[in-house]
Protein chains: 2
Amino acid sequence: MTIRQKLSMDPQAADVRTNDLEDLVGYNLKRAYVILSADFKRTLGEDGFAPRVFSALSLIVQYPDITQSELARMLGIERSGLVAIVDQLEQRGFVQRNAVPGDRRVQALMATGDGCAAYEQARASVEAHEEKLLSHMTPRDVETLLGLLRKIREIEE
Amino acid sequence: MTIRQKLSMDPQAADVRTNDLEDLVGYNLKRAYVILSADFKRTLGEDGFAPRVFSALSLIVQYPDITQSELARMLGIERSGLVAIVDQLEQRGFVQRNAVPGDRRVQALMATGDGCAAYEQARASVEAHEEKLLSHMTPRDVETLLGLLRKIREIEE
DNA sequence: GATAATTGTTTACTTGGTTAACAGTCTGGC
DNA sequence: GCCAGACTGTTAACCAAGTAAACAATTATC
């Protein structure tokens, strides 16, 4: 078998989906996430929110006066990593840091009116992006997928 | 409602799984992937392969003489990003770059005997890590999940 | 033969995280 | 009341994993 014949086991061919990696959940999660994430960024555009910023704003809107520690825990990231995100949202006028009576270490995060409006708009865009991107799947499939992903996430608790 | 009463809508409470983010596929994919990835790294340990290196070795073993461009395409990454990965595998004696007769630009990647052995060991570890991590899910659930993730990945083609 | 495309590499850069350390603050046990 | 330990948000440094651009060499196409 020459080198050219070996390459005729063309890794780009249709049954490329039979290698070991195709049976690994982690690998497939990563590849699927890359697709969703790239389209998210494309949809929201340059001036829009990065996924992690959108997530943070989402929770700040839904949990008024959430603290940074709580938010970091909910998002599954380190507190230090949240600083730049909150700075960004604060600088854009979407979030304010408020002192908390009774505990001078803590700041409560509150979305501004502009922040809520921006969030609603972004949320609609994000939902539309997912709906369109996944339109080749049935709503039932999407629900099943979410359920299974949540099942994985039970490990977090 | 005081600030303390607001915070009694405890974001850490059991029904935290009802916010907007919980219905987004992208967000859940990311969170699930972080879990799988962290456990992968824990399982293979410091001297083991990072997920992306494991993935590359996997395909090199299964597609002997694959070129770097083909490999990059299959993994969904840029050619330049693959150089460091292949360098690492080559340096550890797991992979060799071979000239291809007839096309002097191309190098065919071939796993060495050591590389194949290391891969088989790692593959077994990876499979065991997933089996254990996902043991709270039925095999059918895992199969369904893989199917749905593959459905998402159809977008890639 | 000229031009466009491809290959693998190098370099610079970006993004999204983690870690460690810190000052300030709070908590709980003695 | 005191104090050690824990917590808060921040800063700076670092890391991993990727992308983009440029390039020399090579191949493909007209």
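Naming convention: chains lettered A, B, ... in sequence-line order (proteins, then strands); numbering from 1 in each chain. Hydrogens, waters and symmetry mates play no part in the numbers below; they use all other heavy atoms, side chains included.
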Length of the CZ-P vector between B/Arg79 and D/dC23, whole Å: 15 Å
Sugar-phosphate only, base, or nothing, as touched by B/Gln68 at under 4.0 Å among non-hydrogen atoms: sugar-phosphate
Closest approach of B/Gln96 to B/Thr112 (non-hydrogen atoms, all atoms of both residues): CG-CG2, 4.2 Å
Test item: B/Arg31 side-chain N/O and A/Leu149 main-chain N/O as donor-acceptor pair under 3.5 Å: no
B/Asp65 (side chain) donor-acceptor with B/Met110 (main chain) under 3.5 angstrom: no
Any B/Ser69 side-chain nitrogen or oxygen under 4.0 Å from OP1 or OP2 of C/dT7: yes
Interface polar pairs with nucleotides 25-27 of chain C, N/O, under 3.5 angstrom:
{"from": "C/dT25", "atom 1": "OP1", "to": "A/Arg104", "atom 2": "NH2", "distance (Å)": "3.1"}
{"from": "C/dT25", "atom 1": "O3'", "to": "A/Arg104", "atom 2": "N", "distance (Å)": "3.4"}
{"from": "C/dC26", "atom 1": "OP1", "to": "A/Arg104", "atom 2": "N", "distance (Å)": "2.6"}

Atom-pair distance (CD on B/Glu78; P on C/dT7), nearest Å: 13 Å
Among A/Arg79, A/Arg97, A/Arg73, the one residue meeting side chain to side chain donor-acceptor pair (under 3.5 Å) with A/Gln68: A/Arg97
List, one per line, each side-chain donor-acceptor pair under 3.5 Å for residues 116-126 of chain A, sequence neighbours excluded.
{"from": "A/Tyr119", "atom 1": "OH", "to": "A/Ser58", "atom 2": "OG", "distance (Å)": "3.0"}
{"from": "A/Tyr119", "atom 1": "OH", "to": "B/Asp20", "atom 2": "OD2", "distance (Å)": "2.5"}
{"from": "A/Glu120", "atom 1": "OE1", "to": "A/Arg123", "atom 2": "NE", "distance (Å)": "3.1"}
{"from": "A/Glu120", "atom 1": "OE1", "to": "A/Arg123", "atom 2": "NH2", "distance (Å)": "2.8"}
{"from": "A/Arg123", "atom 1": "NH1", "to": "A/Glu127", "atom 2": "OE1", "distance (Å)": "3.1"}
{"from": "A/Arg123", "atom 1": "NH1", "to": "A/Glu127", "atom 2": "OE2", "distance (Å)": "2.8"}
{"from": "A/Ser125", "atom 1": "OG", "to": "A/Gln121", "atom 2": "O", "distance (Å)": "3.2"}

Interatomic distance where CD belongs to B/Gln107 and C1' belongs to C/dT6 [whole Å]: 14 Å
hbond_proxy A/Thr67 side chain to D/dT8 base (donor-acceptor, 3.5 Å cutoff): no
Atom-to-atom span, CZ of A/Arg52 to C1' of C/dT15 - whole angstrom: 7 Å
Touch class at under 4.0 angstrom, heavy-atom based, for A/Ala50 against every strand present: sugar-phosphate
Test: B/Glu143 and B/Arg140 ion pair at under 4.0 Å: no
Length of the CZ-C1' vector between B/Arg97 and C/dG8, whole Å: 8 Å
Residues within residues 34-46 of chain B bordering DNA chain D, heavy-atom distance below 4.0 Å: none
Side-chain donor/acceptor of B/Glu130 to backbone N/O of A/Gly26, under 3.5 Å: yes
